[in-house]
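I have placed the structure first, in the form of structure tokens, so that the comments after it can refer back to it.
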Amino acid sequence: QPIIRGQTGNRVSVLQNGIVLTDASNVSPDHGNGVEPLLADRLEIVRGPSTLLYGSGAIGGVVNVIDNRIPETLPGQTDFQLEQNYNSVNDENKTVFRLDSSIGSVGIHLDYFTRENDNVEIDGFAIDEAAVERLEELTAAFIGEEHDEDHEEEEFENTYGFIGNSNGEAEGGTAGFSFVGDQGFFGFSYNTIENDYGLPPGTHSHAHGHGEEEHDEDEHEEGEGEEHGEEEVEFVRLALDQDRYDFKGEYRFQNSWIESIRGTVGISDYEHREIEFFEDGGAEVGTLYSNEGMESRFVLTRTPTGDWSGVYGLQIGDSEFSATGEEAFIAPSDIRNVGLFGVERYSADRFTGELGFRFESADVDPGGRCAYDENVFSVSASGLYDINGNSNLMLSAALSERAPSVEELFSNTSLDTCGRYADDERLVVHAATGLLEIGNPSLDTEKSNNIEFGYRINSGSITGEFSAYYNSINDYIYLDITGEEAEETPIAAYLQQDATFSGFEAELTFTLAQTDSYNSELTLFGDMVSAELDAGGNVPRIPASKFGSEIRYYGDNWSTHLHVTRVNDQEDVGRLELATDGYTLVSVYADYHIAVGDSEVKLFARGDNLLDEQVRNHASFLKLFSPEFGRGVTVGVRYEY
């Protein structure tokens with residue numbers, strides 16, 4: 001999951017070509033995003049006033065995955081790419097194919113990828129058993145229970161030198177075309193992705209017997225009709241399937257106050273099955289997540305008048321989310337969002353300014369008496385002043401509102417009383433966190449008040465930027481342990497409290513040498529974020545501060561990079577959270593380009609985590625059970641015509 005300035009989940013919007021993904025990635029930390037970066041042309045990070053073009057909930061920012069599945073222009077010639085690479089850390093083999101071409105005024109895009117990997121290699125044990133024990137003691141002390149040091153039924157099978165059940169495979173492809181004319185284009189694409197991956201032992205707890213009902217026969221994946229009862233689940237795998245249909249078009253006007261109108265519509269059919277494999281060899285679908293919906297975005301760009309230009313638009317999202325089975329702790333819900341937005345830009349002499357607004361209605365209807373319907377409003381402004389042609393100053397401010405999400409509102413919530421079930425037997429464990437999570441249909445909207453200062457320099461031999469920010473969030477929504485238990489499982493509730501996020505980011509690049517045969521550059525970088533609850537205590541899972549450097553040598557047909565990053569200890573922890581140790585990451589990269597007639601062959605190699613550090617990523621829910629990758633070397637070849 002992407003993290004921007006300490007924000008993640010529902011506060012960072014992940015888009016594909018400008019529209020929201022319809023998946024289940026925000027509902028649980030063990031759910032992957034329904035997008036494949038392998039097929040992307042580029043990843044775009046958006047912050048500031050422009051985030052209001054995409055959603056009011058993007059308090060942290062926007063990650064936009066951009067590809068060419070619907071061509072907007074006709075390529076000058078056919079572009080064919082084929083890439084094959086191998087990663088030693090998990091014996092991963094990956095193949096990517098892509099074709100961009102045209103026939104007359106029709107642009108054509110085809111792509112396909114496949115990858116397969118074994119278990120991930122690490123240095124040491126996968127599960128930090130001592131830390132798990134300390135966390136259990138800490139939790140038991142908080143809820144007022146005596147810690148059971150035996151807890152044999154809760155033991156997990158640890159592995160040394162690799163992460164158990166971390167093998168996986170995936171494949172997917174896209175076919176798209178568009179009609180391209182002098183004044184615009186219109187096109188269609190179809191994309192499918194299948195992704196099968198395992199959850200490391202310990203990251204997906206199990207508690208048979210919670211909830212109102214057991215699995216029906218039609219929910220069995222394998223061993224259909226078998227009764228596993230209280231039998232231990234040996235491991236869990238996720239099988240993700242997504243079909244997506246996209247329509248996109250643009251018309252550019254002539255001699256009109258409207259410069260262009262652009263529309264995008266995405267229709268998704270997403271589901272993933274959490275398949276439980278038992279000791280007797282049988283298996284069944286524990287939970288089936290489904291999200292079917294439509295996302296659309298229409299943008300009008302007006303013709304500039306004087307020093308002003310602007311864009312305005314409408315965004316509509318409508319989806320049906322459901323979870324059925326053992327982990328179905330959220331009622332099936334209809335989710336609808338309608339947003340109106342606009343950004344005006346003023347540009348004259350040395351000053352550029354932006355003003356943005358967004359009005360959005362959020363409607364979540366799980367049936368019963370608990371429908372949520374709220375309007376949110378956001379506004380932002382920024383200014384950029386050019387000091388001397390080589391540097392500029394930036395100042396921005398934003399007031400943003402975010403409506404609560406379906407899991408924050410309706411997890412383990414009675415649709416009759418709009419509150420927690422009176423009978424704890426009806427509560428369902430969220431297996432990825434090991435908690436009985438209780439939503440709150442009465443949550444208010446979050447209100448973020450953000451101010452940011454930035455300085456950028458580009459003087460030829462020195463380029464860089466520095467930014468500092470302060471973000472005060474009223475009614476910040478977070479999940480907190482209540483101190484209660486039900487059937488020996490801790491209960492957590494979604495609460496609201498004011499919180500403050502602050503930090504800085506810096507990067508500076510120096511040109512070391514420029515000759516006829518090579519160039520060299522040195523980059524220094526670092527960032528830090530602090531996140532505190534105003535009533536006392538820290539927001540959990542905030543990334544540790546880091547700093548590092550990169551040196552690059554490159555010529556006409558080759559390049560090399562050496563990258564060193566030091567991630568510090570993180571001791572500013574939440575109430576029921578352990579500190580994590582820092583680590584140093586060292587990586588190298590090199591490539592060489594060989595011209596073969598009208599085509600090119602690129603050979604490349606990359607070494608990651610060369611010190612073979614055991615990395616416990618503090619921002620991860622799974623850090624005590626699943627460290628990051630160990631030392632690995634990737635080698636590959638790309639043919640491009």
Side-chain angles (χ1 to χ4, degrees), residues 1-14 26 29 45 47-48 51 56-63 135 138 142 378 380 396-402 404-405 407-408 433 435 437 443-454 466-481 492-506 525-547 566-583 616-624:
Q1 302 296 328
I3 301 173
I4 300 178
R5 296 178 173 178
Q7 308 287 351
T8 188
N10 295 299
R11 298 177 183 89
V12 175
S13 294
V14 180
N26 286 336
I45 310 299
R47 295 194 297 264
T51 61
S56 59
I59 292 174
V62 168
V63 179
L135 185 60
L138 186 66
F142 175 75
S378 303
S380 64
S396 70
L399 305 176
S400 303
E401 285 189 277
R402 181 183 77 89
S405 60
E407 67 274 12
E408 295 167 338
T433 61
L435 300 172
E437 300 178 4
L443 289 173
D444 292 328
T445 59
E446 280 185 354
K447 300 174 181 64
S448 170
N449 308 282
N450 185 77
I451 186 168
E452 178 179 353
F453 168 80
F466 170 84
S467 60
Y469 56 91
Y470 180 87
N471 190 1
S472 175
I473 305 178
N474 299 330
D475 295 324
Y476 180 81
I477 301 172
Y478 66 104
L479 186 67
D480 196 26
I481 303 291
Y494 282 100
L495 305 176
Q496 289 191 296
Q497 188 180 141
D498 296 348
T500 300
F501 289 73
S502 59
F504 73 86
E505 302 159 340
F525 58 87
D527 67 72
M528 182 198 74
V529 58
S530 172
E532 299 178 347
L533 298 171
D534 291 2
N538 299 299
V539 178
R541 293 177 300 281
I542 296 301
S545 61
K546 65 178 181 291
F547 62 91
R566 174 62 189 177
V567 179
N568 296 314
D569 299 344
Q570 179 56 290
E571 297 179 345
D572 296 331
V573 297
R575 184 168 58 187
L576 294 177
E577 186 180 28
L578 301 179
T580 51
D581 295 332
Y583 47 88
R616 301 284 179 178
N617 186 340
H618 189 81
S620 172
F621 276 93
L622 316 180
K623 54 183 171 285
L624 300 185

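Heads up: numbering here begins at 1 and tracks the sequence.
Nearest heavy atoms, G6 versus P543: CA-CD, 4.2 Å. In terms of heavy-atom proximity, L135 sits nearest to L624 at CD2-CD1, 3.8 Å. S400 and S378 make their closest contact through CA-OG, 3.3 Å (heavy atoms, listed as atom of the first residue, atom of the second, distance). Of all heavy-atom pairs spanning A492 and L435, the tightest one is CB-CD1, 3.9 Å. Across P2 and V14, no two heavy atoms sit closer than the pair CG-CG2, 3.7 Å.
Under the 3.5 Å distance criterion, the side-chain polar atoms of E437 are left unmatched by any main-chain donor or acceptor of L479. Between the D498 side chain and the D475 main chain, a donor and an acceptor come within less than 3.5 Å of each other. Formation of a donor-acceptor pair under 3.5 Å by the Q1 side chain with backbone atoms of T8 is not found in this model. A donor-acceptor contact shorter than 3.5 Å is absent between the side chain of D480 and the backbone of A493. Listed for the N568 side chain is no donor-acceptor partner under 3.5 Å among the backbone atoms of G582. Judged by distance alone, with hydrogens and angles left aside, the side-chain atoms of E446 form no donor-acceptor pair with the main-chain N or O of I473 at under 3.5 Å.
In this structure, CZ on F504 lies 11.5 Å from OG on S530, to the nearest 0.5 angstrom. Atoms CZ and OG1, on R541 and T580 in that order, are 12.5 Å from each other to the nearest 0.5 Å. Taking CZ of R402 as the reference point, atom CD of Q7 lies at 9.0 Å (rounded to 0.5 Å). Atoms OG and CD1, from S396 and I451 in turn, are 7.5 Å apart once rounded to the nearest 0.5 Å. The distance from the OG atom of S467 to the CZ atom of R5 is 4.5 Å, given to the nearest 0.5 Å. Y583 contributes atom OH, which lies 11.5 Å from atom CZ of R616 (distance to the nearest 0.5 angstrom).
Considering only heavy atoms from C-beta on, V573 stays 4.5 Å or farther from L578 through its side chain. Contact check for N617 versus V567: no side-chain heavy atoms found under the 4.5 Å cut-off. For the pair I542 and V529, the minimum side-chain heavy-atom distance is below 4.5 Å. When side chains are defined from C-beta on, N450 does not count as touching F501, because their heavy atoms never get closer than 4.5 Å. Between D527 and K546, some side-chain heavy-atom pair lies under the 4.5 Å cut-off. The shortest distance between side-chain heavy atoms of Q497 and Y476 does not fall below 4.5 Å. Considering only heavy atoms from C-beta on, I477 stays 4.5 Å or farther from L495 through its side chain. For the pair K623 and E577, the minimum side-chain heavy-atom distance is below 4.5 Å.
Donor-acceptor pairing under 3.5 Å is recorded for the side chains of E401 and T445. Side-chain atoms of E532 and T500 form no donor-acceptor pair, as typed in the model, at a separation below 3.5 Å.
Here E571 pairs with nothing under the salt bridge (charged side-chain N to carboxylate O under 4.0 Å, His left out) rule; sequence neighbours left out. Under the rule for a salt bridge (charged side-chain N to carboxylate O under 4.0 Å, His left out), D581 has no partner lying at least two apart in sequence or in another chain.
Within 6.0 Å of CZ in F453 there are more than 12 heavy atoms belonging to other residues, nucleotides or ligands.
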Q | Test log, rule side-chain contact (heavy atoms from CB on, under 4.5 Å), inputs V62 and V12 | A | CA-CA 6 Å; V62 168; V12 175; over 6 Å; no
